[in-house]
Amino acid sequence: MAAGFDIRQLNPAQRKAVETLDGPVLILAGAGTGKTRTVTCRMANLIDQGVRPEQILAVTFTNKAAREMQERVAGMVSKAAAEKLTVCTFHSLCVRLLRSGIERMGYKKNFSICTPGDQQALIKQFIVKRGGLKEKIKPGEVLGVISKAKNDPAGMDSIGDELFRSIAIDYQNELRARNCVDFDDLLLLGEQLLREHPEERAKWQEHYRYVTVDEFQDTNSLQMNLLQNLVGTPFNVCVVGDDDQSIYGWRGAEVANILQFERFFPNPEIILLEENYRSTQAVLEVANKLIKVNVGRREKELRPTIPGGDLIQLVAFGGEDEEAEWVADEMKRLRRLGKKGKAAEPKIDSAVQRMLGGGSGALMEGGGEDPNLRPWEDFAILFRTNTQIRKMEQMLREKEIPYRLVGAQSFYDRREVRDILAYLQTIVDPHADVPLLRILNTPPRGIGNSTALIANDWSREHETSIWSAMGNPDFLDQMGTKAQKSIGEFQALIEGAHIRLLDGEHPREVLESVLESADYVEWLMRNTKTDQEKDQRRAGMGFFFEGLDRAIAKGKTVQTFLEETLLDPQKDDELAEKKGVTLITLHAAKGLEYPVVFLVGLEEGILPHKRSVEEGTKDEERRLLYVGITRAQERLSLTYCSSRVKWGEEIRSEPSSFIGELNFDWIEETDHAAIMKEEASEDDLADFLGGMRAMLD
Ligand code: ATP
Ligand code: MG
């Protein structure tokens, strides 16, 4: 057995899963029972048993999870072997399938991928064209409708509203004409490719001999069909899931998939894992009682391996400022207590520390972290909605507590990153229309909107790319001499770079020299207001180039780098490898764990979300709370407020109806609002007495 892979670290049920390599395997188990750890070990075992890593595919829910899984396997087998595994999301998998077969469905091989940012830009165009502006139609709204329609058997015809339908059809025609696919198309076309083309199906079934899917409860029926077509006999497929953690019903996830796995892949080995290794008994008692309220679930055991534990705190506040302040102060207190209740020797007098702003300045002499303090990375604050995060961020900044936002603004939503990404895409393939249009006049070079529009129409009419149109004498004849000159210069710039790339020059050098010739950075800085923003833009570009360097150093092609980049909406904080307390939404927290968890805003309308009450999806909200609770390893605090500010107005809020479903044998309740009131009235009394004394003196 290879170094690092130790079967003794697994319990008998986990071991059984790791050792059952052939035929269908269904691992069905509650949160924190080691599902992910088990499938990771199982992949290492496959390699140990002589399966070639190229033949192993693991599908995860996010790119982050994929990276982590690959790293974990790399710790157990040789690094070289781990790098040959395919560990990716369903979307990345589809890109792989389509690169080799999309021509069978009438697209050209070099299709480009339309990112959410590109989608927004396209859709805005058609909203304007169809007169949707005065109806105040929002791009996001139309995109939601389009996505739903694409996944509907009736397609665009399923859209009831005429205006929305015509915008949707325009949009899809445009994508087709530009040889471009969006994220929904990736899955739809990937599935179609395998379903309709037996040769492709046979090829890929032969290629991936062992397939694993983590977080299987959140796959939708399309992904299920894809899986069915991808896995041939003898059905070497292992799926892992927990029906209680299905939280993507709104995206069409089918819990039925997990409940009916046996129908698709007959006679599976079903493995139940029942010991939870993550959380204390207190956390699990609260989680278990809550989830039992849901009907139609597979009953299963979730036994603690860590008996007892601190009681779960349930704390009520008057308003969100108080809530945020308490969370911040409580984190500081727990930090000083150190790990597992071990009190830290204060290094500096606490009054001095308070004067210095407390918390984050806990560096020891020489710059290392004080080992007696609980690291900030142990803490996570979980939210139902993104809007709740702002207040907490503000408080953490005020109290100088370092934090990182997970799932916040995508790095690739940033303007400078999207620009240079589009430059690189164009250099690699000038015929890709979408990126070309983005940079055609960025920075302004005299190829304005009207020229772009004419070029676009001309290219559509002549069924060619915009790039080809711009090189065609018939088209150029319609342009004035000035525009002709600008177009010529632009084409020479890109053409030259394209050739240098083909000649094997380092992509970074090529890209940098194009940006320099185009005066891009100078223009960008001139159009950026504050110094802070300027720094951010420089950092954004820096990250981009570092990522490119890393990929090339690993032997990847620019094409692969671009694909991974477009599909992987990496986040700012993640890229910056920022340390500190984690702020994260409940959806994004799936699969993760933290020693100390604060789950805030447990109010009716927030959790359960008000939409869920209208749409009858309260069970899914309950599962979401269950996911949140089961992220906690040692300590959990649940908080709620009796009022919240909404659009500048203070609104009363009610405690979540889920609170009544928790196990109060393991909960300690505090009414912080009442304590504050008492303290305030004591202060008032002291003030009053003080005043009286002063009068008598
Ligand atoms: P989730 O449902 O949240 O995705 P999971 O079932 O995938 O959870 P893991 O994340 O794999 O669970 O494991 C939870 C924790 O338990 C991890 O810290 C893991 O290292 C630990 N763990 C798993 N199995 C064992 C074991 N046999 N002995 C000790 N610790 C274990
Ligand atoms: Mg997991």
Side-chain angles (χ1 to χ4, degrees), residues 31-32 34-40 43 57-75 82-83 85-96 113 115-116 183 186-187 212-219 223 240-242 245 247-248 251 253 278 377-383 386 389 403-414 417 540 543-544 546-547 550-551 554 556 560-594 597 624 627-628 630-631 633:
K35 294 185 295 298
T36 303
R37 174 157 156 172
T38 301
V39 287
T40 310
M43 281 158 64
L57 164 72
V59 182
T60 59
F61 204 70
T62 61
N63 293 290
K64 185 167 182 260
R67 280 193 296 276
E68 275 174 19
M69 189 176 278
Q70 196 146 20
E71 273 163 29
R72 280 215 234 167
V73 182
E83 273 175 10
L85 294 167
T86 308
V87 188
C88 64
T89 62
F90 272 110
H91 285 97
S92 317
L93 173 66
C94 286
V95 173
R96 227 168 239 253
I113 298 166
T115 62
F183 286 7
L186 282 177
L187 288 182
T212 303
V213 184
D214 197 3
E215 307 277 4
F216 184 67
Q217 74 278 357
D218 283 322
T219 50
Q223 292 163 334
V240 194
D242 176 4
Q245 293 187 69
I247 53 175
Y248 282 89
R251 251 165 40 180
R278 177 182 293 147
E377 290 70 43
D378 274 13
F379 300 91
I381 309 173
L382 271 47
F383 304 85
N386 276 310
I389 295 181
Y403 67 89
R404 61 196 180 135
L405 262 173
V406 175
Q409 191 196 14
S410 165
F411 177 59
Y412 298 105
D413 286 344
R414 285 158 68 154
V417 177
F543 283 137
F544 182 88
E546 276 164 31
R550 255 200 313 275
K554 271 192 185 165
K556 291 183 180 169
T560 318
F561 166 74
L562 283 173
E563 247 149 42
E564 287 180 356
T565 306
L566 290 168
L567 281 178
D568 188 350
Q570 272 195 4
K571 312 298 182 199
D572 282 5
D573 282 3
E574 202 185 324
L575 271 166
E577 287 176 17
K578 258 174 83 169
K579 294 216 178 313
V581 171
T582 299
L583 302 188
I584 189 169
T585 64
L586 289 165
H587 279 100
K590 196 170 66 147
L592 306 178
E593 58 190 20
Y594 302 92
V597 168
L624 198 51
V627 168
T630 54
R631 298 310 96 197
Q633 292 172 291

With Met69, the side-chain contact (heavy atoms from CB on, under 4.5 Å) member among Thr212, Leu85, Val39: Val39

Any side-chain heavy-atom pair of Tyr594 and Ile584 under 4.5 Å: yes

Inter-residue atom distance Leu57.CG - Met43.CE, 0.5 Å rounding: 8.5 Å

Distance, nearest 0.5 Å, that separates CG of Leu567 from CD1 of Ile113: 4.5 Å

Thr40 OG1 to Asp214 CG distance, which is reported to the nearest 0.5 Å: 7.5 Å

Side chains of Thr36 and Val240 in contact at under 4.5 Å (non-hydrogen atoms): no

Nearest-0.5 Å distance, OG1 of residue Thr630 to CG of residue Asp242: 8.0 Å

Nearest heavy atoms of Val597 and Gly628, plus distance in Å: CG1-O, 4.4 Å

Residues Arg631, Lys590; criterion side-chain contact (heavy atoms from CB on, under 4.5 Å); working and verdict: CA-CA 8 Å; Arg631 298 310 96 197; Lys590 196 170 66 147; 5.8 Å; no

Derivation of the side-chain contact (heavy atoms from CB on, under 4.5 Å) call for Arg404 and Thr582: CA-CA 5 Å; Arg404 61 196 180 135; Thr582 299; 3.4 Å; yes

Set of residues satisfying salt bridge (Lys or Arg N to Asp or Glu O under 4.0 Å) with respect to Glu83, sequence neighbours excluded: Lys79

Minimum side-chain heavy-atom gap Lys64-Leu592 below 4.5 Å: yes

Shortest non-hydrogen contact from Leu93 toward Cys88: N-SG, 3.8 Å

Nearest-0.5 Å distance that lies between atom CZ in Phe383 and atom CG in Leu586: 9.5 Å

Centroid-centroid under 6.0 Å between Phe90 and Phe183 rings: no

Rounded distance (nearest 0.5 Å) linking atom CD of Glu215 with atom CD of Gln245: 6.5 Å

Set of salt bridge (Lys or Arg N to Asp or Glu O under 4.0 Å) partners for Arg37, sequence neighbours left out: none

Steps toward side-chain contact (heavy atoms from CB on, under 4.5 Å) verdict (Thr86, Arg96): CA-CA 10 Å; Thr86 308; Arg96 227 168 239 253; 3.6 Å; yes

Where Cys94 and Leu186 come nearest, the two heavy atoms and their spacing: CB-O, 3.3 Å

Glu68-Gln70 side chain donor-acceptor pair, cut-off 3.5 Å: no

